[in-house]
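Just below is one structure, and these are the notes that go with it.
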Amino acid sequence: MIYRQKILVLTLALVSVMLMCPGDCQASCCCPTFWTAYNGSCYRLFSYSMNWHEAEAYCNEFSIPSLDDRERNSVAHLVSIHSLDEHDFVVSYFRSTGIKDQGDDESTGRNMWVGFHDTNSEGNFEWTDRSSFNMNVWSLGQPDNFNSREHCGNIVGVYGYKWNDYPCDVDAQYFMCKLPVW
């Protein structure tokens, strides 16, 4: 009889914990291994030299299958950013890795692909995950579509980790993917 009571108490405790978490679970339990949870999404930084299109395709390889036949799988994309808090998180995550491409100054040569682009219509930026382009953190003088060939987004260290438009076909050493939590 005591054994059944212990099982009942443990079951009730587990159910209580599970009921407190679902709507706004922020724990790392909600992201795949090696991904970092923040505010309802999972983030992962990669250090592979790729152009913007290759980086987006690489992100798309990560997905969380839907348990409901009517819903689509959740697919990762190059990171989209929708608030200054999220921007600060993305930049802090990037900077905290200690990655340095060139020299001793971390602001030299550090840039990372992110998911905005204006490949469909010049000057009309959108995110690869089709979320709304509702804020920006452009570097001074950006976007400038230099030589009429800058259509993809990156965050640049020498620009104070602000946004820049850049040629999509140029390789960058880093990119960040974003995936909804499970």
Side-chain angles (χ1 to χ4, degrees), residues 26 31 34-63 74-181:
Q26 304 273 332
C31 291
F34 304 118
W35 290 69
T36 300
Y38 175 77
N39 203 19
S41 295
C42 304
Y43 300 78
R44 186 164 176 195
L45 178 66
F46 292 92
S47 177
Y48 302 129
S49 186
M50 295 184 180
N51 69 41
W52 186 88
H53 296 288
E54 292 167 337
E56 171 65 10
Y58 190 85
C59 289
N60 292 168
E61 292 178 19
F62 296 93
S63 68
S74 295
V75 177
H77 292 275
L78 284 170
V79 67
S80 60
I81 300 171
H82 301 284
S83 70
L84 288 175
D85 285 341
E86 186 175 21
H87 177 264
D88 291 346
F89 166 78
V90 166
V91 168
S92 293
Y93 182 14
F94 182 40
R95 293 180 72 189
S96 73
T97 63
I99 296 170
K100 295 181 182 176
D101 314 271
Q102 304 167 6
D104 294 325
D105 180 0
E106 77 167 18
S107 66
T108 305
R110 290 173 54 97
N111 63 69
M112 170 179 66
W113 287 127
V114 295
F116 68 81
H117 65 96
D118 69 349
T119 58
N120 296 322
S121 174
E122 177 55 39
N124 294 314
F125 289 92
E126 54 189 275
W127 294 109
T128 56
D129 65 6
R130 298 185 180 175
S131 59
S132 63
F133 194 83
N134 55 357
M135 60 88 59
N136 65 70
V137 187
W138 292 113
S139 178
L140 184 63
Q142 299 299 325
D144 63 356
N145 193 25
F146 185 73
N147 285 336
S148 299
R149 56 177 299 235
E150 295 186 329
H151 303 291
C152 292
N154 68 2
I155 293 177
V156 183
V158 294
Y159 293 168
Y161 294 94
K162 304 232 175 183
W163 299 6
N164 177 51
D165 57 340
Y166 203 70
C168 304
D169 59 347
V170 174
D171 284 357
Q173 184 62 41
Y174 309 105
F175 60 94
M176 187 175 292
C177 301
K178 180 178 177 180
L179 179 68
V181 293

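Just so you know, these numbers use all the heavy atoms, side chains as well, and skip hydrogens, waters and symmetry mates. In this text the structure is predicted, and so the values were computed from the model without any measurement.
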Margin query: Could you walk me through whether L78 and W52 satisfy the side chain to side chain contact (heavy atoms under 4.5 Å, CB included) test, starting with their C-alpha distance in whole Å, then the side-chain angles of each, then the deciding distance to 0.1 Å, before giving a yes or no?
Written below: CA-CA 9 Å; L78 284 170; W52 186 88; 3.4 Å; yes

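- Nearest heavy atom pair, residue T119 against residue C152, reads CG2-SG, 4.3 Å.
- Within the model, atoms OG of S63 and CG of L179 stand 8.0 Å from one another, a figure rounded to the nearest 0.5 Å.
- Looking at heavy atoms from C-beta onward, I155 lies in side-chain contact with I81 at the 4.5 angstrom threshold.
- Between the CG atom of N136 and the CG atom of L84 there is a distance of 9.5 Å, given to the nearest 0.5 Å.
- At most 12 heavy atoms of other shown residues, nucleotides or ligands fall within 6.0 angstrom of atom OH in Y166.
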Check: Would M112 and V90 count as a side chain to side chain contact (heavy atoms under 4.5 Å, CB included) if you check the C-alpha gap in whole Å, the side-chain angles of each, and the deciding distance to 0.1 Å?
Finding: CA-CA 10 Å; M112 170 179 66; V90 166; 3.7 Å; yes

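- For the ring pair (Phe, Tyr, Trp, His ring centres under 6.0 Å) test, residues two or more places apart in sequence or in another chain that qualify with H82 are W127.
- In terms of heavy-atom proximity, W113 sits nearest to P167 at CH2-O, 3.3 Å.
- With hydrogens and angles left out, the side-chain atoms of S131 and D129 include a donor and acceptor closer than 3.5 Å.
- Side-chain contact check for P143 versus F125: some heavy-atom pair is nearer than 4.5 Å.
- When all heavy atoms of C31 and V181 are compared, the closest pair comes out as SG-CG1, 4.0 Å.
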Margin query: Go through it in stages, so that I can follow the logic: the residues are H117 and E126, the test is side chain to side chain contact (heavy atoms under 4.5 Å, CB included), and I'd like the CA-CA distance, side-chain angles, deciding distance and then a yes or no.
Written below: CA-CA 6 Å; H117 65 96; E126 54 189 275; 3.4 Å; yes

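- Y43 meets the side-chain hydrogen bond (donor to acceptor under 3.5 Å, both in side chains) test with E86; sequence neighbours excluded.
- Atoms CG and NE2, on D118 and H151 in that order, are 6.0 Å from each other to the nearest 0.5 Å.
- Contact of the Y38 side chain with the D85 side chain is registered, since non-hydrogen atoms from C-beta on lie closer than 4.5 Å.
- To the nearest 0.5 Å, atom CD of residue E56 and atom SG of residue C168 are 11.5 Å apart.
- Using modelled atom types, one side-chain atom of D171 and one backbone atom of N51 make a donor-acceptor pair closer than 3.5 Å.
- A heavy-atom distance below 4.5 Å is not found between the side chains of W163 and V114.
- The distance from the CG atom of D165 to the OG atom of S139 is 10.0 Å, given to the nearest 0.5 Å.
- Between F89 and T36 the shortest heavy-atom distance is CZ-CG2, 4.0 Å.
- Residues K178 and V79 come closest through the heavy atom pair CB-CA, 3.8 Å.
- Each of F116, Y159, Y161 was evaluated against W138; a single residue qualifies, F116, per the ring-ring contact (aromatic ring centres under 6.0 Å, His included) test.
- By the 4.5 Å heavy-atom criterion applied to side chains, Y48 and E54 are not counted as neighbours.
- Screening F94, Y174, Y58 against F46 for a ring-ring contact (aromatic ring centres under 6.0 Å, His included) leaves a single residue, Y58.
- Residues N60 and H77 come closest through the heavy atom pair ND2-ND1, 3.4 Å.
- Of the inter-residue distances, the one linking R95 atom CZ with D88 atom CG reads 10.5 Å to the nearest 0.5 angstrom.
- D169 pairs by the salt bridge (charged side-chain N to carboxylate O under 4.0 Å, His left out) definition with R149, not counting sequence neighbours.
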